[in-house]
Amino acid sequence: MESSLFLYNTLSRRKEKFEPLNPPFVGMYVCGPTVYGDPHLGHARPAITFDLVLRYLQHLDYKVRYIRNITDVGHLEHDLDEGEDKIAKKARLEQLEPMEVAQYYADRYFVFMDALNVKRPSIEPRASGHIIEQIEFIKKILEAGFGYEVNGSVYFDTEKYSREYTYGKLSGRVLEDLLSNTRELEGQDEKRNPADFALWKKAQPEHIMRWPSPWSDGFPGWHIECSAMGARYLGEYFDIHGGGMDLLFPHHESEIAQNQAALGHESVKYWMHNNMVTINGQKMGKSLGNFITLDEFFNGSHPGLTQAYSPMTIRFFILQAHYKSTLDFSNEALQAAEKGLKRLFAAIESLDKLLDRDPGSGMQDAGFHYPAPDSRLPALRDACYEAMNDDFNSPIVIANLFEMVRIINSVNDKKESLSADDLKLLKQTVETFVYEILGLKNELSGDNSEYLKGLMELVLKIRQDSREKKDWGTSDQIRDTLQKLQITVKDGKEGSIWELKGING
RNA sequence: GGUAUCGUGGCCGAGUGGCUAGGCAGAGGUCUGCAAAACCUCGUACAGCGGUUCGACUCCGCUCGAUACCUCCA
């Protein structure tokens, strides 16, 4: 595994070799959710994408500090209520404290991310807990001369910035185009330039989320939190900054400008952006109202869903597409993912049984020959590493895993044979990639208590006896009854196996 | 209009200048008391039109189409 990890850097628009600033340490910052609504499928994408990145970096023995923020202040409602904080609005409607709302949805977010087997980041800082850092950051921008204050609000001076640096380098935009193509919005008159963005906003009287600052009682602009918290926890220069493609402009663009202005240099070496989840070809998003929440997926309680889908089905579905491609949701696609995942885990169970049965001794006595080492196995393992090294290409990893599935099943059917060493290599490879790197887990096996296992062993023994007596009536009755209890019995050459039907039980 | 990404077989989705992606669905077969599962075989896809090339789905141009973003909206 001497090949290096390459990742696509949005800033350069090409794949670059990953070379951490201070190996073996890696600093990674990912834009987290704004906690004013239930997490939906669109939230799962970046969470799982960067969970994959985290897991693979950890697998490569990097020590990763992973920061994912919680935005609980600052996002303004775009449509109806101009200038009102999103969280504040929701709070007023529901007669709750703003922080109560933020806490509620943050908790929901954690629960669903846990269900998706997304590892918790090292630190999950909240914007509301870092007002001081944000104010300090704004001060630095003002000191450097790239901001200006108007009526208690502070704005970033994009025009002045553009004289020395390039505002638009990340998103490929040109400031002049931005100026000429800006649509007219209310409340923009304070800005010198339509392309300028707020660093600090003075709160209107009805605005209940507010903090004191040198300029006014108000709240920070949207982009400043990531600049401030990134610098706070990862330093002025760190390795990876991730987020959804929809954040590329203006959020990340502005973050670069803020850091350049305040610190005198940029902060991020590699910018990574995951693509969107679409539904009927359209971005799934809060603003379009076409989102399906994770809760609804897990329960099947959305009219657009023909059934419930388990967390691992969702995770597998997302990993089957490369993170930079759009991923179109459909029931058909999710059902395909569910079945594929089931096949994958069925093969892993078969592999375990093969190893239990043949721990490597006595094979020759039992009449087995010792097959030569199978060259396909190291090749498949290497292909998995190559895929991961090539910008985290999880779909290729999965394709290779299915090649292994086919080999496992062939061995299980006695159509091929593998040495015990090869079986172990196979097991190690499969488990490394499935469990550790892709972060999948077998949801079916969770229900296999020792109690249930013992009971099933007895039932299948009785059925086996009746089968040997060709008492098909009894044997089929047992199978049919078990089927009604959601337990499927499959007769194989080495006896019968059983599984609980449906990943949701 | 600008910027970016993309258009692959029934569906989802990789990838490459000439060599099988993979999953699901479908067809045929093997195995099995039946069933299920598994295994084998199969469809010869790459928006359209030009160009470069010995050869392009893969490179270039154009056309058509889709999606995202365009100031405080994941």
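Proteins come first, then strands; the chains are lettered A, B, ... in the order of their sequence lines, and each starts at number 1.
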- Task: With the side chain of A:A336 defined as its heavy atoms from C-beta on, choose the nearest nucleotide among B:G33, B:C24, B:A21.
- Result: B:C24
- Query: Between the base of B:C40 and the side chain of A:R406, is there any donor-acceptor pair under 3.5 Å?
  - Reply: no
- Would you give the length of the straight line joining atom CG of A:N400 to atom CE of A:M404, rounded to the nearest 0.5 angstrom? 5.5 Å
- Task: Go ahead and name the base partner of B:G61; Watson-Crick or wobble counts if both distances stay under 3.5 Å, otherwise write none.
- Result: B:C49
- Note on the structure: CZ of A:F50 to OH of A:Y323, rounded to nearest 0.5 Å, is 7.0 Å
- Message: With a 4.0 Å cutoff (strictly under), does any side-chain N or O of A:R343 reach OP1 or OP2 of B:G23?
- Response: yes
- Hey, does A:P250 reach any base, or is it just sugar-phosphate, or nothing, if we go heavy atoms under 4.0 Å? base
- Mate of B:G55 where both pairing distances stay under 3.5 Å, Watson-Crick or G-U: none
- Which part of the nucleic acid, if any, lies within contact of A:A333, taking any heavy atom under 4.0 Å across all strands shown: a base, the sugar-phosphate backbone alone, or nothing? sugar-phosphate
- Looking only at atom C1', what distance separates B:C19 and B:G29, rounded to whole Å? 28 Å
- Centroid separation A:H252 to A:H223 less than 6.0 Å: no
- Message: Categorize A:L247 for me: base, sugar-phosphate, or nothing, with a 4.0 angstrom heavy-atom threshold over every strand shown.
- Response: sugar-phosphate
- Which one, B:A36, B:G13, B:A38, comes nearest to the side chain of A:D328? B:G13
- Item | Whole-angstrom distance between B:A36 and B:G28, as gauged at atom P | 14 Å
- Taking the same atom, C1', in B:G61 and in B:C69, what whole-Å distance lies between them? 26 Å
- Note on the structure: d(A:H241 NE2, A:L170 CG) to nearest 0.5 Å is 9.5 Å
- Message: Can you confirm whether the side chains of A:Y161 and A:T166 place a donor and an acceptor under 3.5 Å from each other?
- Response: no
- Are any of A:N393's side-chain N or O atoms less than 4.0 Å away from OP1 or OP2 of B:G15? yes
- Query: Looking across every strand, which nucleic acid part, if any, lies under 4.0 Å from A:G42 by heavy atom: base, sugar-phosphate, or nothing?
  - Reply: base
- For atom CG of A:D465 and atom P of B:G33, their distance in whole Å: 17 Å
- So what does A:M404 hit on the nucleic acid, given a heavy-atom distance under 4.0 Å: a base, only sugar-phosphate, or nothing? nothing
- Task: Measure from CD1 on A:I487 to C1' on B:A37 and round the result to the nearest Å.
- Result: 17 Å
- Query: Has the side chain of A:D491 got a donor or acceptor atom sitting under 3.5 Å from an opposite partner on the base of B:C34?
  - Reply: yes
- B:C39 - base-pair partner by Watson-Crick or wobble geometry, distances under 3.5 Å: B:G29
- Message: Both A:T278 and A:F316 contact RNA chain B. Taking the nearest nucleotide for each, which residue is further toward the 5' end?
- Response: A:F316
- Rounded to whole angstroms, how far apart are NZ on A:K415 and P on B:U41? 11 Å
- For A:R210 and A:Q204, indicate whether the former's side chain and the latter's backbone hold a donor-acceptor pair under 3.5 Å. yes
- Query: Base, sugar-phosphate, or nothing: which does A:L327 touch, judged by heavy atoms less than 4.0 Å apart?
  - Reply: sugar-phosphate
- Between B:G23 and A:K342, is there an OP1 or OP2 to side-chain N/O distance shorter than 4.0 Å? no
- Task: Examine A:K160 relative to A:F146 and say whether NZ or CZ is less than 6.0 Å from the centre of the six-membered ring and inside a 45° cone about the ring axis.
- Result: yes
- When both distances are under 3.5 Å in a Watson-Crick or G-U wobble arrangement, the nucleotide paired with B:A21 is none
- Just one of A:F297, A:F291, A:Y309, A:F317 clears the ring-ring contact (aromatic ring centres under 6.0 Å, His included) bar with A:F329, so which one? A:F297
- Separation between the C1' atoms of B:A14 and B:C6, rounded to whole Å: 15 Å
- State whether A:N412 places a side-chain N or O below 4.0 Å from either non-bridging phosphate oxygen (OP1 or OP2) of B:A38. no
- Item | Closest to side chain of A:R13, choosing from B:A38, B:A4, B:C34 | B:A4
- Task: Ignoring the backbone of A:S410, work out which of B:C69, B:G33, B:C39 is nearest its side chain.
- Result: B:C39
- Task: Take atom CG of A:L482 and atom P of B:C34, then tell me their distance rounded to the nearest Å.
- Result: 20 Å
- Between B:C12, B:A21, B:U71, spot the one nearest the side chain of A:A399, thanks. B:A21
- Task: Could you give the distance separating B:U52 and B:C57 at their C1' atoms, to the nearest angstrom?
- Result: 16 Å
- When all nucleic acid strands are considered with a 4.0 Å heavy-atom cut-off, which category describes A:K470: base, sugar-phosphate, or nothing? nothing
- Item | Whole-angstrom distance between B:G1 and B:C59, as gauged at atom C1' | 29 Å
- Answer yes or no: is there a side-chain heavy-atom contact under 4.5 Å between A:Y56 and A:L5? yes
- Task: Check every strand shown and say whether A:R463 touches a base, only sugar-phosphate, or nothing at a heavy-atom separation below 4.0 Å.
- Result: base
- Please confirm whether any donor atom in the side chain of A:N400 sits under 3.5 Å from an acceptor in the base of B:G22, or the reverse. no
- Message: From C-beta outward on A:E403, which listed nucleotide comes closest to its side chain: B:A21, B:G22, B:U5?
- Response: B:G22
- Task: Looking only at side-chain atoms of A:D476, point me to the closest of B:G23, B:G33, B:A14.
- Result: B:G33
- Message: Let's test this: given Watson-Crick or G-U wobble pairing with both distances under 3.5 Å, identify the partner of B:U5.
- Response: B:A66
- Query: At under 4.0 Å between heavy atoms, what does A:D246 touch on the DNA or RNA strands: base, sugar-phosphate, or nothing?
  - Reply: base
- When you match A:H322 and A:P46 each to their closest nucleotide on RNA chain B, which lands nearer the 5' end? A:H322
- Task: Just compare B:G15, B:G13, B:G33 and give me whichever is closest to any side-chain atom of A:W472.
- Result: B:G33
- In whole Å, what separates the C1' atom of B:G22 from that of B:U63? 33 Å
- Message: I'd like to know if A:S325 reaches the base of B:G13 with its side chain such that a donor and an acceptor end up less than 3.5 angstrom apart.
- Response: no
- Note on the structure: Taking B:A21, B:C39, B:G33 as options, the one with an atom nearest any side-chain atom of A:I396 is B:A21
- What does A:F402 touch in the nucleic acid at a heavy-atom separation under 4.0 angstrom: a base, only the sugar-phosphate, or nothing? sugar-phosphate
- Message: Whether A:K324 contacts B:U5 is assessed here as follows: a side-chain N or O lying under 4.0 Å from the phosphate OP1 or OP2. Is that the case?
- Response: no
- Using the C1' atom on both, measure B:G51 against B:A56 and round to a whole Å. 12 Å
- Task: Would you check if the distance from the ring center of A:Y385 to the ring center of A:F433 is below 6.0 Å?
- Result: yes
